[in-house]
Amino acid sequence: MFILSEMKNVTRIPPELFGLKLNDAIAGELNKKLANKVVLNVGLCIALYDILTLQESFIFPGDGASHTPVTFRYIVFRPFIEEILIGKIRSSSQEGVHVTLGFFDDILIPPSALQHPSKFNETEQAWVWEYDTGDGSKHDLFMDAGESIRFRVTAEMFNETCPAAPGNMQESQENIDNKVPYSLTGSINEPGLGLLSWWDN
Amino acid sequence: MEVVSSNRATLSNYEVLKHLQKIKDSKKKHKGQLATITYETIRYLENTPCKDQTSENIQQCLKELAPFNLNKTEKLMIINSPPTTALEIQLMIEESEERLTEEQVGQVLEIVMKYFPHVVKEKPEENDAEETE
């Protein structure tokens, strides 16, 4: 579920941070830059793991800050495809079941990947697994919000979210809000997957 | 910024939790996004079995699991969410019916139980049935 990514960056340390140790200042700047952000095709960055190398710092004419080339490793959330994860149901809609891990929300289980046969209950706003008890009758298993759910990661998608061009700021701001940089697709259509309470005994 | 290698190594939940706790407990005040993401991630991880694991029992457990020819990701899942039933093993291990005999599945469960007994205690209602068997 978590990986280490190695990255390189030239980190700018502004003069007001010169009082700190260089390592601490760089760690602070890297965390400010990356924590809780999605890097394209890497994943959701959590926190700095360690700094591998620091090179000679340099300054540019006209800028009081120092610049240091640094290679470092970062803790990144990037579950592998086929990984089994446990999350909580955030909400349900016609599109499927939205699952959250607390720190990561963009997980969708589409209707085709739910237990078969499942139906969306409009009044309860929840998906229902119409479990066939074997004697002709069926047992309705509701997937309510807040329940713990075990699912398999089946696909991931990265979206490039570019900064807005000046001028049509307002418009593009809306576009960016709708664009999710990193999303996962899950499935629960296997025995053992779905709400934890379904498989208690 | 340049990504040298997007996947240098894989971390277990336990390692991530320990590292984040270290960040949280350091005297420096963290603000903004780092504080948010560490808080949320710790809160998620504290509700998983990794909060009671230790690096010794993870290592010992992996040593005992070595003869079963599981691949790295399968072992990682076993450590991150220790299975308590044969059904869970079937989910985590691809083609487990062909690769493991029923007896071996039992052995894996026993090993997991031996090193991570708290998994059972955490969800008592879920495992009562197996315990009494």
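Numbers restart at 1 for each chain; the letters A, B, ... are given by sequence-line order, proteins then strands. Small disclaimer: the values here were computed from a predicted structure and weren't measured. FYI, side chains are in, hydrogens and waters are out, and symmetry mates aren't considered; it's all heavy atoms of this structure.
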Test side chain to side chain contact (heavy atoms under 4.5 Å, CB included) on K8(A) and V70(A) and set out the steps.
CA-CA 6 Å; K8(A) 248 198 250 179; V70(A) 48; over 6 Å; no
Quick one: what part of V39(A) sits under 4.5 Å from any heavy atom of chain B, side chain, backbone, both or neither?
side chain
Might you work through the side chain to side chain contact (heavy atoms under 4.5 Å, CB included) test for S57(A) and L22(A), ending with a clear yes or no?
CA-CA 10 Å; S57(A) 306; L22(A) 183 62; 4.2 Å; yes
Walk me through it: do L184(A) and F77(A) pass the test side chain to side chain contact (heavy atoms under 4.5 Å, CB included)?
CA-CA 12 Å; L184(A) 295 172; F77(A) 170 73; 4.2 Å; yes
By a 4.5 Å heavy-atom criterion (distance strictly below it), what part of L45(B) contacts chain A: side chain, backbone, both, or neither?
side chain
Electrostatic pair E83(A):R152(A) at N-O distance under 4.0 angstrom
no
Y44(B) ring center within less than 6.0 Å of F104(A) ring center
no
Taking T41(B), T10(B), L76(B) one by one, which has the highest count of heavy-atom pairs under 4.5 Å against chain A?
T41(B)
Non-hydrogen atoms of chain B under 4.5 Å away: do they reach the side chain of F2(A), the backbone, both or neither?
both
Heavy-atom proximity to chain A below 4.5 Å, by part of L87(B)
side chain
For each of G43(A), G87(A), A35(A), tally heavy-atom pairs with chain B at distances under 4.5 Å, and name the one with the top tally.
A35(A)
Inter-residue atom distance I111(B).CD1 - Q104(B).CD, 0.5 Å rounding
10.0 Å
Among V16(B), T38(B), N13(B), single out the residue with the greatest number of heavy-atom pairs under 4.5 Å to chain A.
V16(B)
So if I take each residue of residues 44-53 of chain A and look for any heavy atom under 4.5 Å from a heavy atom in chain B, which residues do I end up with?
L44(A), C45(A), I46(A), A47(A), L48(A), Y49(A)
For K88(A), which atoms come within 4.5 Å of any heavy atom of chain B: side chain, backbone, both, or neither?
neither
Measuring from M92(B):CE to T73(B):OG1, what's the distance to the nearest 0.5 Å?
11.5 Å
Heavy-atom donor-acceptor pair, E74(B) side chain to N71(B) backbone, under 3.5 Å
yes
Going from CG on D105(A) to OG1 on T100(A), what distance comes out if it is rounded to the nearest 0.5 angstrom?
3.5 Å
Polar contact flag, side-chain donor to acceptor under 3.5 angstrom, Y131(A)-Q115(A)
no
Below 4.5 Å, heavy-atom pairs only: which of V10(A), T71(A), V76(A), L193(A) has the largest tally toward chain B?
L193(A)
Examine whether an atom of K37(A) lies under 4.5 Å from a heavy atom of chain B, and if so say whether it belongs to the side chain, the backbone or both; otherwise answer neither.
side chain
One option among S148(A), G28(A), G102(A) has the most heavy-atom pairs under 4.5 Å with chain B, and it is G102(A)
Test side chain to side chain contact (heavy atoms under 4.5 Å, CB included) on I149(A) and I86(A); report intermediate values, then the result.
CA-CA 6 Å; I149(A) 183 168; I86(A) 296 177; over 6 Å; no
